[in-house]
Amino acid sequence: MNEQDGFVTGRIKSLKYALKGFWLLITTEHSIMVQSGIAILMTIVGFWLDISKFEWIAQIFAIGMVLVAESLNTAIEKLCDYIQPEYDKKIGFIKDISAGAVSFAAIIAIVIGFIIYLPKLL
């Protein structure tokens, strides 16, 4: 096998693991299910209110930012729970900070939603 085959094979394996992670997130994690449901709802609303190309870019970015933050938060929480199954004040602090990152993303997404939709609804 030459280096090119190794590179391509490695990328295919990486894609397989990424898709497996995606599937695990959307089928097992309630927070991701809720966020995905909101994303679908906002996509429907976007079509219904005929938002502009720029507004679509902003909305897709906001949705992606929230889903990425939520996914990373889930990974951090799972890792913390694996490392320390019992309550630990320091682990709790780490998990709270991780959840706080999701809050930042969600607040920014809500602001973007207001900027896009408030003028259309008023």
Side-chain angles (χ1 to χ4, degrees):
M1 173 168 27
N2 63 38
E3 281 186 35
Q4 186 69 18
D5 290 338
F7 176 80
V8 171
T9 302
R11 301 299 58 86
I12 291 170
K13 284 183 181 178
S14 293
L15 178 61
K16 180 179 136 187
Y17 295 135
L19 292 174
K20 179 181 178 184
F22 174 84
W23 181 252
L24 288 171
L25 280 166
I26 64 170
T27 60
T28 65
E29 296 302 318
H30 294 287
S31 57
I32 295 291
M33 292 175 197
V34 169
Q35 297 295 353
S36 296
I38 292 169
I40 291 167
L41 176 66
M42 294 314 299
T43 300
I44 293 167
V45 171
F47 282 115
W48 180 52
L49 292 178
D50 194 31
I51 63 177
S52 72
K53 182 189 255 184
F54 176 76
E55 291 167 332
W56 274 114
I57 291 168
Q59 179 167 298
I60 291 167
F61 179 78
I63 289 168
M65 181 176 53
V66 170
L67 290 172
V68 167
E70 193 70 66
S71 299
L72 291 172
N73 177 54
T74 298
I76 290 167
E77 287 187 354
K78 299 286 186 192
L79 180 61
C80 287
D81 291 344
Y82 179 76
I83 291 171
Q84 181 55 271
E86 303 299 320
Y87 175 77
D88 181 275
K89 187 175 181 180
K90 289 180 182 178
I91 292 290
F93 183 77
I94 293 166
K95 291 169 78 172
D96 288 346
I97 290 172
S98 180
V102 177
S103 298
F104 275 126
I107 290 167
I108 293 166
I110 290 167
V111 170
I112 290 170
F114 278 135
I115 291 169
I116 293 171
Y117 292 109
L118 216 50
K120 296 181 182 315
L121 296 174
L122 294 179

Test side chain to side chain contact (heavy atoms under 4.5 Å, CB included) applied to Ile51 and Lys120, step by step: CA-CA 9 Å; Ile51 63 177; Lys120 296 181 182 315; 3.6 Å; yes
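- Here the NZ-CG distance, from Lys20 to Leu25, works out to 12.5 Å after rounding to the nearest 0.5 Å.
- Around the NZ atom of Lys78, the shell of radius 6.0 Å holds no more than 12 heavy atoms that belong to other residues, nucleotides or ligands.
- Here the side chain of Glu55 pairs a donor or acceptor atom with the backbone of Ser52 at under 3.5 angstrom.
- With Ser98 as the fixed residue, the side chain to side chain contact (heavy atoms under 4.5 Å, CB included) test singles out one of Leu79, Leu72, Ile76: Ile76.
- Between Tyr82 and Gln84, the closest side-chain pair of non-hydrogen atoms is not below 4.5 Å.
- Contact of the Asp88 side chain with the Ile83 side chain is not registered, since no non-hydrogen atoms from C-beta on lie closer than 4.5 Å.
- Residues meeting the side chain to side chain contact (heavy atoms under 4.5 Å, CB included) test with Ile12, sequence neighbours left out: Val8.
- Rounding to the nearest 0.5 angstrom, the gap separating the CG atom in Leu118 from the CG atom in Leu121 is 7.0 Å.
- By the rule that hydrophobic residues join a cluster once side-chain heavy atoms approach within less than 4.5 Å of another member, Ile38 and Val68 end up as members of separate clusters.
- In this structure, Gln35 CD and Ser71 OG are separated by 9.5 Å, a value rounded to the nearest 0.5 Å.
- Atoms CD1 and NZ, on Ile57 and Lys53 in that order, are 6.5 Å from each other to the nearest 0.5 Å.
- Scanning both residues, Ala62 and Ile112, for their nearest heavy atoms gives CB-CD1, 3.8 Å.
- At a threshold of 4.5 Å between side-chain heavy atoms, the hydrophobic network of Ile, Leu, Val, Met, Phe, Trp and Tyr places Val45 and Ile116 in one connected group.
- Annotation for Ser31 and Thr74: closest pair OG-OG1, 4.1 Å, computed over non-hydrogen atoms.
- For the atom pair Tyr117 OH and Ile110 CD1, the distance stands at 13.5 Å (nearest 0.5 Å).
- No side-chain heavy atom of Thr28 sits under 4.5 Å from any side-chain heavy atom of Met33.
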Salt bridge (Lys or Arg N to Asp or Glu O under 4.0 Å) between Lys95 and Asp81, worked out: CA-CA 9 Å; Lys95 291 169 78 172; Asp81 291 344; 2.6 Å; yes
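- Hydrophobic clustering, with ILVMFWY side chains joined whenever heavy atoms are under 4.5 angstrom apart, groups Phe61 together with Ile108.
- When the side chains of ILVMFWY residues are joined at heavy-atom separations under 4.5 Å, either directly or via intervening members, Ile32 and Trp23 end up in a single hydrophobic cluster.
- Judged purely by atom type and a 3.5 angstrom limit, Asn73 uses its side chain to pair as donor or acceptor with the backbone of Ala99.
- Expressed to the nearest 0.5 Å, how far CE of Met42 lies from CG of Leu49 amounts to 8.5 Å.
- Closest of all the heavy-atom pairs between Ala39 and Ile63 is CB-CG2, 3.5 Å.
- When all heavy atoms of Met65 and Ala109 are compared, the closest pair comes out as CE-N, 4.3 Å.
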Verdict with supporting geometry, Thr43 and Trp56, side chain to side chain contact (heavy atoms under 4.5 Å, CB included): CA-CA 9 Å; Thr43 300; Trp56 274 114; 4.1 Å; yes
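- Neither Trp48 nor Phe54 shares a network with the other; the hydrophobic side chains, linked directly or stepwise wherever heavy atoms of I, L, V, M, F, W or Y lie under 4.5 Å apart, form separate groups for each.
- In terms of heavy-atom proximity, Ser36 sits nearest to Ile26 at OG-CG2, 4.3 Å.
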